[in-house]
Amino acid sequence: MAKERIDKLLSHQGFGSRKNIKRLLRTSVVLLNGKQIYDPSLGIDPESDELSVDGEPVTIVKNITLMMNKIAHTVSANKDGEHQTVFELLAPEFRTPYLQEKLHLVGRLDMDTEGLLLFTTDGTLTHRLISPKSHINKSYFVMLEREFSAEEQAEISRRFVEGIAVGPDDNDPGFTCEPAQMRFPDQEEIDSALEKSSVGEVCERLGCGPEILKQPSRFAILTIYEGKYHQVKRMFTAVGNKVVFLKRLSMGSLVLDKKLAPGEYRKLSDEELILLN
């Protein structure tokens, strides 16, 4: 594993800014493998080196991976001059100078899309999850502008499995999707997906009452194996319908924690990280 600067790692561990780390090295006893150090640019291997500050061992967190239930109206970016970003929802401990350089998103979700969003410092994990060669499946809960009849459901499911052609969107050209699976959830599954969401805003925007949430044929769960620009929305447009609410439920075997309210997040457990490998 490549070595990291001492000042970056100590900043990452909550010891303050790089300026604070320089002061720390002058005023405290910082030991690297039992030898006192003073140089903030000195390299350390988190896999094998031992570090302590004033006799207290420093447990080096090698990588951080967070699961967020993305809230609507937030941008999947670090900075945006107009809208709130998902990074602004993170606590200060995840916005240190070190993490501002390392922590990044695993893919993106549109501003109006909710659900599972991952942050990580692990570039290898990111590459594996977003590489087209990996074919990691992603499942989305979809609310549609109009209901699908039983005949339409069967026909559209067949077209999605075969690989549907979608038209251009903005500056992105049209393309033929890889085979995808669509199924239609029952009312219990619909209620569960909508429980912690902004679907009420959608109903208000459409001028509809809550009764539309009891129309199962207006909802679908779509699983795709790629992540093209506005892909889910374009797929339903291609079959004569419109997505009015979209929520990502899973990536690979990792499922969104239903306990997370929109905008909330937590670290992934070791067991959940295994699901991504």
Side-chain angles (χ1 to χ4, degrees), residues 1-2 46-47 61-70 74-78 85-87 90 94 99 101-111 113-142 157-166 168-183 185 193 220-236 238 243 246-258 260 265-277:
M1 181 175 180
E47 296 286 354
V61 178
K62 300 175 183 63
N63 279 305
I64 292 174
T65 302
L66 306 175
M67 170 197 295
M68 175 181 281
N69 182 6
K70 180 185 175 294
T74 54
V75 179
S76 295
N78 199 311
T85 74
V86 292
F87 280 88
L90 300 179
F94 298 114
L99 286 176
E101 294 183 13
K102 297 290 185 180
L103 193 64
H104 58 272
L105 294 172
V106 183
R108 298 164 58 90
L109 290 176
D110 294 341
M111 188 167 71
T113 301
E114 304 182 10
L116 178 60
L117 185 64
L118 295 180
F119 301 72
T120 190
T121 57
D122 188 344
T124 302
L125 174 64
T126 300
H127 177 74
R128 181 168 62 251
L129 291 177
I130 68 175
S131 172
K133 296 180 181 179
S134 298
H135 297 285
I136 301 296
N137 64 76
K138 295 172 282 289
S139 292
Y140 294 83
F141 177 84
V142 182
S157 295
R158 181 189 64 78
R159 293 177 64 185
F160 283 176
V161 167
E162 292 178 351
I164 192 169
V166 303
D169 188 356
D170 293 336
N171 295 322
D172 196 74
F175 65 96
T176 299
C177 300
E178 293 185 10
Q181 286 77 47
M182 182 174 66
R183 65 181 182 84
I221 292 178
L222 179 67
T223 300
I224 61 176
Y225 298 84
E226 52 194 332
K228 300 291 183 65
Y229 181 68
H230 289 172
Q231 180 172 342
V232 174
K233 296 175 183 177
R234 292 162 77 179
M235 290 175 70
F236 283 99
V243 174
L246 186 60
K247 180 177 182 178
R248 183 155 65 193
L249 301 178
S250 65
M251 292 179 67
S253 299
L254 179 68
V255 178
L256 176 65
D257 185 347
K258 294 181 180 180
L260 291 176
Y265 60 91
R266 63 167 175 80
K267 290 182 180 180
L268 289 189
S269 66
D270 291 340
E271 292 76 14
E272 288 171 324
L273 284 170
I274 292 173
L275 294 176
L276 294 174
N277 291 321

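FYI, side chains are in, hydrogens and waters are out, and symmetry mates aren't considered; it's all heavy atoms of this structure.
Heavy atoms only, all atoms of each residue included: Phe236 and Ala220 are closest at CZ-CB, 4.3 Å. Shortest non-hydrogen contact noted between Leu105 and Phe87 is CG-CE1, 3.7 Å. When every heavy atom of Gly107 is checked against every heavy atom of Ile130, the shortest pair comes out as N-CG2, 3.9 Å. The two residues Thr223 and Ser139 have their closest heavy-atom pair at OG1-OG, 2.7 Å. When all heavy atoms of Arg234 and Pro168 are compared, the closest pair comes out as NH2-CA, 3.7 Å. Here the closest non-hydrogen pair linking Ile164 and Ala238 is CD1-CB, 3.9 Å.
With values rounded to the nearest 0.5 angstrom, Gln231 atom CD is found 10.0 Å from Asp172 atom CG. To the nearest 0.5 angstrom, Leu273 atom CG is 7.5 Å from Leu125 atom CG. With rounding to the nearest 0.5 angstrom, the CD1 atom of Ile64 is 11.5 Å from the CG atom of Leu268. Atom OG1 of Thr113 is separated from atom NZ of Lys247 by 12.0 Å, given to the nearest 0.5 angstrom. In this structure, the separation between CE on Met67 and CG on Leu118 is 7.0 Å, given to the nearest 0.5 Å. Interatomic distance, CG of Leu222 versus CG of Asn137, reported as 11.0 Å (0.5 Å rounding).
For the pair Ile224/Tyr140, a side-chain contact is recorded, criterion being any heavy-atom separation below 4.5 Å from C-beta on. The closest side-chain heavy-atom distance from Pro132 to Glu226 is not below 4.5 Å. A heavy-atom distance below 4.5 Å is not found between the side chains of Leu246 and Asp110. Looking only at side-chain heavy atoms (C-beta outward), Leu276 and Val106 stay at 4.5 Å or farther from each other. Between Tyr265 and Val86, every side-chain heavy-atom pair lies at or beyond the 4.5 Å cut-off. The shortest distance between side-chain heavy atoms of Val166 and Phe175 falls below 4.5 Å. Residues Arg108 and Tyr229 fail the side-chain proximity criterion, which asks for heavy atoms closer than 4.5 Å.
Arg158 is linked by a side chain to side chain donor-acceptor pair (under 3.5 Å) to Glu155, Glu162, counting only residues two or more places apart in sequence or in another chain. By the side chain to side chain donor-acceptor pair (under 3.5 Å) test, Arg159 is found to be paired with no residue, residues two or more places apart in sequence or in another chain being considered. Contacts of Thr176 classified as side-chain contact (heavy atoms from CB on, under 4.5 Å), with partners at least two apart in sequence or in another chain: Ala165. Scored by the side chain to side chain donor-acceptor pair (under 3.5 Å) test, Thr126 finds His104 as partners (sequence neighbours excluded). In this view, Glu272 and Arg266, Ser269 satisfy the side chain to side chain donor-acceptor pair (under 3.5 Å) rule, not counting sequence neighbours. Residues satisfying the ring-ring contact (aromatic ring centres under 6.0 Å, His included) criterion with Phe141, sequence neighbours excluded, are Phe219.
For the pair Ser76 (side chain) and Leu109 (backbone), a donor-acceptor distance under 3.5 Å is present. A side-chain donor-acceptor contact under 3.5 Å links Ser131 to the backbone of Lys133. Distance alone, capped at 3.5 Å, places no donor-acceptor pair between the Arg248 side chain and the Gly115 backbone. Side-chain N or O atoms of Lys70 include none that pairs as donor or acceptor with a backbone N or O of Met68 at under 3.5 Å.
More than 12 heavy-atom neighbours from other residues, nucleotides or ligands sit within 6.0 angstrom of CG on Asp170.
A salt bridge does not link Asp169 with Lys233: every distance from a Lys NZ or Arg NE/NH1/NH2 to an Asp or Glu carboxylate oxygen is 4.0 Å or more.
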From CA spacing to verdict: side chain to side chain contact (heavy atoms under 4.5 Å, CB included), Thr120, Leu129: CA-CA 11 Å; Thr120 190; Leu129 291 177; over 6 Å; no
Trace of the side chain to side chain contact (heavy atoms under 4.5 Å, CB included) decision for Glu178 with His135: CA-CA 10 Å; Glu178 293 185 10; His135 297 285; 3.4 Å; yes
